[in-house]
Amino acid sequence: MDHKRKARIAPYPQPAGGLDSLKSTTITLLKEKVPGSRYKTLLHQNQPDGFDCPGCAWPDREHTSTFEFCENGVKAVAAEATSKRIGADFFARHTVTELLQQSDYKLEQHGRLTEPLAYDAASDRYLPISWDDAFALIARHLKALDDPNRASFYVSGRTSNETAFLFQLFVRLYGTNNFPDCSNLCHESSSRALPQTVGVGKATVVLDDFEHADTIMVFGQNPATNHPRMLNELRAAAKRGATIVSINPLKEKGLDRFASPQHPMDLLSGGAEISSLFIRPTLGGDFALIKGVAKRVLELDDAAVASGGERVLDVDFLAEHCSGFDAFAADLRGESWPDLIAASGVPFQDIEALTRVYVQGKAVICTWGMGLTQHRDSVAAIQMLSNLMMLRGNIGRRGAGLCPVRGHSNVQGDRTMGIEDKPSQAFLDRLAQVYDFEPPRQHGLDAVDTIKAMLDGRVKVFVGLGGNFAMATPDTPRTFEALRNCALTVQISTKLNRSHLIHGQDALILPTLGRTEIDLQQTGPQGVTVEDSMCMVHLSYGINPPASRQLLSETDITARMAHATLGSDKVDWLSYVNDYARIRDEIAKVLDAFRDFNARVAQPGGFHLTPASRERRWLTPSGKAQFIVNALEKDTPIARARALHGDKLMVLMTARSHDQYNTTIYALDDRYRGVYGQRRVLLIHRDDIARLGFAAGERVDIFTVWHDGIERRADGFLLVEYDIPRGCLGAYFPETNPLIPLDSVADISNTPTSKSVPVLLRRSAAS
Ligand SMILES: Nc1nc2c(c(=O)[nH]1)N[C@H]1C(S)=C(S)[C@@H](COP(=O)(O)OP(=O)(O)OC[C@H]3O[C@@H](n4cnc5c(=O)[nH]c(N)nc54)[C@H](O)[C@@H]3O)O[C@H]1N2
Ligand SMILES: Nc1nc2c(c(=O)[nH]1)N[C@H]1C(S)=C(S)[C@@H](COP(=O)(O)OP(=O)(O)OC[C@H]3O[C@@H](n4cnc5c(=O)[nH]c(N)nc54)[C@H](O)[C@@H]3O)O[C@H]1N2
Ligand SMILES: [Mo]
């Protein structure tokens with residue numbers, strides 16, 4: 001394989017962005033053979049007359065601004081606009097068993113899926129099937145189940161509001177709340193933590209607040225790769241003199257310096273400085289760190305009271321808006337400094353430095369990503385962040401607030417539309433009233449629980465609306481076994497991935513339009529709506545011709561699936577497909593926040609779904625912003641593993657390289673981390689390499705320490721000396737997903753602990 005020849009490790013000396021970003025873009029367009037005529041696609045990205053970038057959920061300046069360059073946005077668009085195609089002839093040439101030998105990288109590289117296919121066990125191949133027969137097969141399986149809860153319906157976050165709404169209506173009319181979604185693997189911890197503290201599980205800021213913040217604290221995020229447009233906001237804030245802090249075990253590129261390709265002076269000057277302070281907790285150390293900062297804030301306030309100085313706490317905000325402060329303060333006072341320092345991995349002087357920055361800020365924004373959400377105590381950590389922000393009234397004020405930075409471009413909108421395994425009773429009541437049926441009331445299955453239910457045979461039908469369930473989820477061999485246990489698996493997809501090859505007895509691949517493509521229905525080209533990470537809802541219109549004439553839109557597929565399964569007596573499914581504006585009218589009937597939906601979304605830039613917390617209205621049981629006390633836990637799986645293995649025990653985080661979109665591998669480099677032509681690398685501190693008796697450049701096998709007797713391993717990882725805290729390791733997913741036990745999940749949110757896996761290393765036999 002030619003990429004092996006190029007495998008090398010070479011630290012990247014440049015700032016993030018810069019000319020290399022432009023170069024990488026050109027290579028991407030050539031490699032995907034994107035026709036020149038489609039380059040204009042890129043100019044329509046996030047424009048009022050164009051489509052919403054499928055890359056990430058970071059908002060745009062009102063969708064009305066000039067073109068903002070984003071290297072990874074280009075990759076996401078190019079992956080969809082590729083001229084490569086695979087149809088029946090491709091599947092006739094390859095058995096599924098053969099395709100299983102190919103890497104995930106190679107599978108996606110084959111190009112766009114072009115026609116519906118059904119698995120044929122006799123030949124071990126996918127063969128063409130008509131759309132009608134495909135829907136009839138789904139209906140037959142769903143109707144044959146003795147209980148609707150034996151089917152589970154996964155949604156990945158690219159799906160539009162219109163499709164998501166129809167999909168949840170179909171599934172609830174069918175009779176279940178089994179809605180695993182990619183959010184379960186992602187920001188579920190934020191979505192569970194925030195409603196308890198501030199009443200709404202969404203950001204309290206909008207983009208404009210970044211212009212007014214004097215302090216921005218970025219927790220557990222790698223924006224240069226995952227939200228490149230965020231760097232423009234950080235750059236502007238830094239230029240204005242705002243203080244930016246990165247809280248991350250790694251000193252990620254872009255959080256240090258960023259050379260904006262839009263600003264030629266940056267390219268010449270070596271980029272703009274972004275963060276002035278780097279706080280580097282150990283993996284999973286954030287809860288203790290944030291609690292430490294909160295404790296220090298309280299101590300500084302005590303000192304101010306004693307000396308008659310200006311209060312550090314926002315006493316007016318606490319008095320008027322908060323509940324539970326006294327219990328919280330008492331808990332903080334009782335917490336031990338040595339415990340907080342040990343658990344956070346942050347020395348006291350750094351906790352002090354972070355506290356000083358925080359209390360000097362008059363308008364503070366905290367943003368966070370997967371570094372905060374994928375640990376066992378993630379819900380507690382995010383609640384602690386909320387507590388910290390409440391201490392100084394940093395919520396519901398201009399330039400201040402909480403900002404979970406979502407991943408998939410419409411993952412937030414899908415949840416708003418009711419893709420939710422634990423729907424509120426109020427939402428179900430409205431569905432019941434508008435559609436005159438009794439929706440299922442008991443909670444459904446999320447992603448992890450769906451895998452468990454498929455493993456033990458409770459769930460027999462799996463439908464995936466986008467995504468790559470087999471590879472995005474933990475404990476890969478068990479997830480594979482679970483999917484193979486199904487009577488039917490259905491994947492609605494744009495490109496080939498492993499979830500098509502790890503299938504049930506019957507299996508369908510239903511190819512669909514991507515967001516960049518023209519969605520032509522009876523009343524003309526249709527737009528769809530999405531909600532970004534800061535609650536802006538706007539329209540998106542595809543501009544490219546569809547990859548194949550046989551593709552149906554996701555909305556159409558959903559409607560036809562519903563029609564075949566349930567008939568159209570109650571809901572005239574197919575009529576909605578003619579005109580998506582009619583679906584938006586239905587959404588407005590069920591969700592008050594979407595009143596006059598069609599009119600409001602037609603405004604350039606769309607409209608804002610203002611969360612109550614932004615206006616200091618608190619939808620919590622106490623009616624106030626609620627302080628929540630959480631104890632520092634000592635008896636954790638990692639502590640228990642360490643008690644068994646001493647300092648041989650390492651903690652692994654699994655994250656993204658610069659050249660991937662979740663399970664889609666665009667290429668084999670991770671430029672900013674200096675990794676080229678390979679992905680089986682393990683980032684490790686040089687002292688740990690020596691201490692564990694290895695040498696840099698050796699290969700190791702990774703073993704999980706877990707208590708269920710199952711061997712979990714991932715073999716042949718190259719040790720790469722890296723600036724990472726001692727005791728911590730970094731590697732890429734999905735290669736490392738076999739290491740994450742299915743029941744190693746965050747409390748309350750049930751999110752896999754992808755950023756803290758207790759492991760041991762052994763020299764690889766293959767090295
Ligand atoms: N190009 C591109 N864009 C994407 C994606 C993609 O794969 N590719 N994925 C999209 C999706 S779905 C999502 S959710 C987002 C993900 O975007 P991120 O949240 O940036 O996701 P990760 O790559 O997992 O990076 C996690 C970061 O957290 C840090 N970290 C790990 N553990 C800890 C910890 O214990 N504490 C702290 N403080 N930091 C920690 C890591 O060093 C890393 O910088 O990006 C979205 N955008
Ligand atoms: N170990 C570990 N595991 C993780 C994570 C981690 O940090 N570490 N991160 C988790 C996170 S944050 C997330 S969000 C999940 C992501 O999980 P998923 O959302 O399930 O995975 P993706 O890789 O985003 O899905 C890619 C596939 O989606 C299909 N696709 C792309 N565009 C479209 C479209 O427009 N319509 C349809 N129908 N299909 C489309 C393509 O076929 C492509 O192969 O992974 C999670 N898994
Ligand atoms: Mo995500």
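Along the sequence shown, residues are numbered consecutively beginning with 1. Order of appearance sets the numbers: ligands from 1, and atoms from 1 within every ligand.
- Here's the thing with Thr654: none of its N/O atoms is less than 3.5 angstrom from an N/O atom of ligand 1.
- Here Met653 has side-chain heavy atoms under 4.0 Å from ligand 1, and that is the only part of it that gets that close.
- Shown here are the ring-ring contact (aromatic ring centres under 6.0 Å, His included) partners of Phe480, two or more places apart in sequence or in another chain: there are none.
- Taking any N or O of Arg406, backbone or side chain, none lies under 3.5 Å from an N or O belonging to ligand 1.
- Inclusion of Asn248 in the set of residues having an N or O under 3.5 Å from an N or O of ligand 1 is warranted.
- Between Gly467 and ligand 2, an N or O atom pair is found at a separation short of 3.5 Å.
- Heavy atoms of Gln491 stay at 4.0 angstrom or farther from ligand 2.
- What sits closest to atom 20 (O) of ligand 2 on the protein, heavy atoms only, is Tyr154 OH, 2.6 Å.
- A salt bridge links Lys202 with Glu531; the closest basic N to acidic carboxylate O contact falls under 4.0 Å.
- Asn468 counts as a contact of ligand 2, since one of its heavy atoms falls under 4.0 Å from the ligand.
- Close approach to Thr512 involves these atoms of ligand 2, each under 4.0 Å from a residue heavy atom: 36 (N), 37 (C), 38 (N).
- Under a 4.0 Å heavy-atom criterion, Met471 is not in contact with ligand 2.
- For ligand 2, the atoms sitting less than 4.0 Å from at least one non-hydrogen atom of Glu108 are 43 (C), 44 (O), numbered in the order shown with element in parentheses.
- Considering backbone and side-chain atoms together, Ala472 places an N or O closer than 3.5 Å to an N or O of ligand 2.
- In the vicinity of Arg656, heavy-atom distances shorter than 4.0 Å reach the ligand 2 atoms 7 (O), 9 (N), 10 (C), 11 (C), 12 (S).
- We find that Lys755 and Asp286 are not joined by a salt bridge, their nearest charged nitrogen and carboxylate oxygen being 4.0 Å or further apart.
- Distances from atom 35 (O) of ligand 1 to the heavy atoms of Gly407, Ser246, Gly284, Ala76 show the closest one on Gly284.
- Note that Arg671 lies in the cation-pi zone of Tyr12, set by a 6.0 Å cut-off to the ring centre and a 45° limit from the axis.
- Checked by distance only, ligand 1 and Ala655 stay at 3.5 Å or farther apart across all their nitrogen or oxygen atoms.
- Interface of Asn497 with ligand 2, defined as ligand atoms under 4.0 Å from a residue heavy atom, comprises 27 (C), 42 (O), 43 (C), 44 (O).
- Atom 42 (O) of ligand 2 has its nearest heavy-atom neighbour, among Lys495, Lys755, Met370, Glu188, in Lys495.
- Within the listing of ligand 1, atoms 1 (N) sit less than 4.0 angstrom from a heavy atom of Asn72.
- For atom 1 (N) of ligand 2, the nearest protein heavy atom (residue, atom name, distance) is Asn737 OD1, 2.5 Å.
- When atom types are taken as modelled, the side chain of Thr753 and the backbone of Gln374 share no donor-acceptor pair closer than 3.5 angstrom.
- Judged by distance alone, with hydrogens and angles left aside, the side-chain atoms of Ser275 form no donor-acceptor pair with the main-chain N or O of Phe278 at under 3.5 Å.
- Of the options Thr663, Asn226, Asp181, the smallest heavy-atom separation from atom 22 (P) of ligand 2 is shown by Thr663.
- Atom 37 (C) of ligand 2 has its closest protein heavy atom at Glu554 OE2, 2.9 Å.
- With Trp706 contributing its side chain and Asp743 its backbone, the two residues share no donor-acceptor pair below 3.5 Å.
- Considering backbone and side-chain atoms together, Asn662 places an N or O closer than 3.5 Å to an N or O of ligand 2.
- Residue Cys186 has no N or O atom closer than 3.5 Å to an N or O atom of ligand 2.
- Salt bridge status for Glu80 with Lys75: absent, with no side-chain N to carboxylate O gap under 4.0 Å.
- In this structure, Ser246 contributes its side chain and Glu252 its backbone to no donor-acceptor pair below 3.5 Å.
- Counting only distance, with no hydrogens or angles, the side chain of Asn248 and the backbone of Gly220 share no donor-acceptor pair below 3.5 Å.
- At a 4.0 Å heavy-atom cut-off, ligand 1 touches Leu283 through backbone and side chain alike.
- Ligand 1 has no nitrogen or oxygen under 3.5 angstrom from a nitrogen or oxygen of Gln374.
- The shortest heavy-atom distance from His187 to ligand 2 is not under 4.0 Å.
- On a distance-only criterion, Pro249 and ligand 1 share no N/O pair closer than 3.5 Å.
- Proximity annotation for atom 36 (N) of ligand 1: of Leu683, Thr664, Asp286, Asp286 comes nearest, heavy atoms only.
- For atom 31 (C) of ligand 2, the nearest non-hydrogen atom of the protein is Thr494 OG1, 3.3 Å.
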Practice task
Applying ring pair (Phe, Tyr, Trp, His ring centres under 6.0 Å), run through Tyr661 and His408 and close with a yes or a no.
Solution key: CA-CA 10 Å; Tyr661 192 90; His408 270 299; 5.4 Å; yes
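- Looking at Arg673 next to ligand 1, no N or O pair under 3.5 Å apart turns up.
- Polar contact with ligand 1: absent for His408 (N/O pair, distance under 3.5 Å).
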Practice task
Take Glu735 and Thr654 through the side-chain contact (heavy atoms from CB on, under 4.5 Å) test and state the conclusion after the steps.
Solution key: CA-CA 9 Å; Glu735 289 82 349; Thr654 62; over 6 Å; no
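- Using a 4.0 Å cut-off to heavy atoms of Gly466, the atoms of ligand 2 that qualify are 37 (C), 38 (N), 39 (N).
- Those atoms of ligand 2 that come under 4.0 Å of a heavy atom in Ser156, given as number and element, are 18 (P), 19 (O).
- At least one donor-acceptor pair closer than 3.5 Å links the side chain of Asn184 to the backbone N or O of Asp181.
- Near Ile740, with a cut-off below 4.0 Å to any heavy atom, the atoms of ligand 2 are 1 (N).
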